[in-house]
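Order of appearance sets the numbers: ligands from 1, and atoms from 1 within every ligand.
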Amino acid sequence: MSSRLASQWVLITGASSGFGAAAAKAFAAAGARLLLGARRLDKLATVAAAARSLGAPQALYHALDVAQTASVTTFAEWVRTMTGRVDVLVNNAGGAHGLDPVENARDADWEAMFQSNVLGTLRVTRAMLPLMKPYPGGIVINLGSVAAREAYEGGAAYCAAKAGVLQITRALRLELLGTGLRVATVDPGMAETEFSLVRFKGDAARAAKVYEGVQPLTAEDVAEALVWVADRPPHVCVDEMVIKCTDQAAVHKVHRRPRA
Ligand code: NDP
Ligand code: 8X3
């Protein structure tokens, strides 16, 4: 068990699946206390129960839609009432919607990506900073992506949104200098979660093709990185971490094995 994270309050957005759910379990195993948010409450309840069984002294959850300021305000009020304190904030809620070239893309997809990835990160951070600043040594970790650093066809809006998250991380790092709070981004490459299922609007066959012949990152790989970043001593800030599977040298450069 990690002594630094034990009993710290770790808040994870988008904790109902993928990286967020795996991170809840990994922080639980380190003895942290959890505050979990997402829109799907049934899934949050399951994740919270698993976290408790893995060693989290407390695993609390509440509905959260980071795309709605009113929802973030209600969630922040709940956190204030329950704990009044956040040590680790993991801004993970987000994802991609569609893979259409700009010429054919839809406003609704663009808006969803900017609302969750960019504005959601800003809203939740603004709401939580008052609960973090009294406790130097805490950390804000944003889930970026390799898409923040490399463009690809059909990814214009998602890449722009994640590049936005990267610049939010960098600006916040400057703004919080001297507070003792740390700010980091963890930027994964391809990882098999619900990400592609959401991107392709439930088309499971199309989602599966993304990972065909590849050994992608797992949610647990990314969760382990998040715990490691949060668990560094208070004077150490891992500003930016890029993590890709061995089969992915660049967004476009992926080694795929032929089917057996
Ligand atoms: P998943 O689709 O499995 O998880 C996304 C999570 O975000 C879900 O828990 C979902 O919960 C939550 N979420 C989405 N929109 C909102 C919203 N408006 N309000 C609150 N919660 C929301 O995907 P991943 O775990 O892969 O993705 C997590 C993060 O990692 C995302 O930011 C994604 O962009 C990023 N990422 C993913 C990569 C990948 O290849 N998988 C690679 C690099 C980055 P619910 O629907 O219940 O609200
Ligand atoms: C997810 C990774 O390459 O699909 O952020 O954009 S990618």
Side-chain angles (χ1 to χ4, degrees), residues 11-24 36-48 61-72 74-75 90-99 109 111-121 123-124 141-166 168-169 185-202 206-207 209-211 214 216-223 225-226 241-245 247-254:
L11 191 160
I12 304 170
T13 69
S16 59
S17 71
F19 300 161
L36 308 175
R39 294 166 300 183
R40 290 172 295 174
L41 278 176
D42 54 334
K43 292 203 175 274
L44 278 185
T46 305
V47 173
Y61 62 94
H62 191 280
L64 170 66
D65 182 352
V66 300
Q68 308 285 339
T69 300
S71 174
V72 174
T74 303
F75 184 82
V90 182
N91 279 314
N92 165 74
H97 298 274
L99 188 63
D109 286 341
E111 284 161 12
M113 285 187 272
F114 278 83
Q115 279 292 348
S116 58
N117 296 287
V118 179
L119 296 177
T121 297
R123 287 186 186 106
V124 173
I141 310 179
N142 295 331
L143 251 300
S145 169
V146 290
R149 300 164 186 272
E150 274 184 80
Y152 56 87
E153 302 92 329
Y158 182 66
C159 294
K162 287 302 193 189
V165 173
L166 180 57
I168 290 166
T169 304
T185 186
V186 171
D187 293 0
M190 58 159 54
E192 195 163 6
T193 60
E194 292 182 12
F195 175 86
S196 293
L197 202 59
V198 172
R199 166 168 256 175
F200 299 129
K201 304 179 193 311
R206 193 173 174 198
K209 264 203 126 24
V210 173
Y211 312 105
V214 175
L217 294 175
T218 63
E220 288 71 27
D221 295 326
V222 175
L226 292 168
M241 174 189 276
V242 177
I243 169 169
K244 304 203 295 289
C245 67
D247 285 340
Q248 184 177 38
V251 169
H252 279 97
K253 189 82 180 162
V254 175

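Remark: minimum distance from atom 1 (C) of ligand 2 to any protein heavy atom is reached at Phe195 CZ, 3.4 Å. The closest protein non-hydrogen atom to atom 21 (N) of ligand 1 is Ala93 CB, 3.5 Å. Protein heavy atom at the shortest distance from atom 7 (S) of ligand 2 is Tyr152 OH, 3.6 Å. Closest to atom 31 (C) of ligand 1, if we only count protein heavy atoms, is Asn92 O, 3.3 Å. Closest to atom 42 (C) of ligand 1 among all protein heavy atoms lies Gly189 O, 3.2 Å. The nearest protein atom to atom 2 (C) of ligand 2, hydrogens excluded, is given as Ser145 OG, 3.7 Å; this is a heavy-atom distance. Given atom 5 (C) of ligand 1, the protein heavy atom at minimum distance is Gly94 O, 3.8 Å. Annotation: atom 39 (C) of ligand 1 to nearest protein heavy atom, Ala191 O, 3.6 Å. When only non-hydrogen protein atoms are considered, atom 8 (C) of ligand 1 lies nearest to Ser17 OG, 3.5 Å. Closest to atom 10 (C) of ligand 1, if we only count protein heavy atoms, is Ser16 OG, 3.8 Å. Residue, atom and distance of the protein heavy atom nearest to atom 34 (O) of ligand 1 are Tyr158 OH, 2.7 Å.
Among the atoms of Ala38, none of the N or O lies under 3.5 angstrom from an N or O of ligand 1. Checking only distances, Gln248 never comes within under 3.5 Å of ligand 2, N or O to N or O. Considering backbone and side-chain atoms alike, Tyr211 places every N or O at 3.5 Å or more from each N or O of ligand 1. Geometrically, ligand 1 and Pro188 share no nitrogen or oxygen pair separated by less than 3.5 Å. Residue Gly14 has at least one N or O atom closer than 3.5 Å to an N or O atom of ligand 1. Checking only distances, Arg40 does come within under 3.5 Å of ligand 1, N or O to N or O.
Considering only non-hydrogen atoms, atom 19 (N) of ligand 1 lies nearest to Val66 out of Thr121, Val66, Leu217. Around atom 18 (N) of ligand 1, the closest heavy atom drawn from Leu64, Val47, Asp65, Val124 belongs to Asp65. Across the listed options Glu194, Met190, Arg39, Arg39 owns the non-hydrogen atom lying nearest to atom 15 (N) of ligand 1.
Note: Tyr158 and Phe195 meet the aromatic proximity criterion, with ring centroids under 6.0 Å apart.
Counting only N and O atoms by type, the side chains of Arg39 and Gln68 include no donor and acceptor under 3.5 Å apart. There is a side-chain donor-acceptor pair under 3.5 Å between Thr169 and Asn142. One side chain, Ser196 or Tyr211, offers a donor N or O that lies under 3.5 Å from an acceptor on the other.
Interface atoms of ligand 2 facing Ala147, defined by a heavy-atom separation under 4.0 Å, are 6 (O). When each atom of ligand 2 is checked for a heavy atom of Tyr158 under 4.0 Å away, the hits are 1 (C), 5 (O), 6 (O).
By the 4.0 Å heavy-atom criterion, Gln68 is excluded from the residues contacting ligand 1. Contact analysis puts Gly144 in contact with ligand 1, with a non-hydrogen atom separation below 4.0 angstrom. Heavy atoms of Asn117 come nearer than 4.0 angstrom to ligand 1 in at least one pair. Taking 4.0 Å as the cut-off, Gly95 counts as a neighbour of ligand 1 on heavy-atom distance. Residue-ligand proximity: Arg199 is placed with a non-hydrogen atom under 4.0 Å from ligand 2.
By the 4.5 Å heavy-atom criterion applied to side chains, Val186 and Ile141 are counted as neighbours. The closest side-chain heavy-atom distance from Val198 to His97 is below 4.5 Å.
Looking at Glu194 and Arg199, no side-chain N of the basic residue comes within less than 4.0 Å of a carboxylate O on the acidic one, giving no salt bridge.
The two residues Asn117 and Thr121 make their nearest non-hydrogen contact at O-OG1, 2.6 Å.
With a heavy-atom cut-off of 4.0 Å, Gln115 does not touch ligand 1 at all.
Note that CD1 of Ile168 is 7.5 Å distant from CG of Leu119, once rounded to the nearest 0.5 Å.
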Assess whether side-chain contact (heavy atoms from CB on, under 4.5 Å) is satisfied between Phe200 and Val210, documenting all intermediate values.
CA-CA 11 Å; Phe200 299 129; Val210 173; 3.7 Å; yes
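Within 6.0 Å of NZ on Lys201 lie more than 12 heavy atoms contributed by other residues, nucleotides or ligands.
Judged purely by atom type and a 3.5 angstrom limit, Asp221 uses its side chain to pair as donor or acceptor with the backbone of Thr218.
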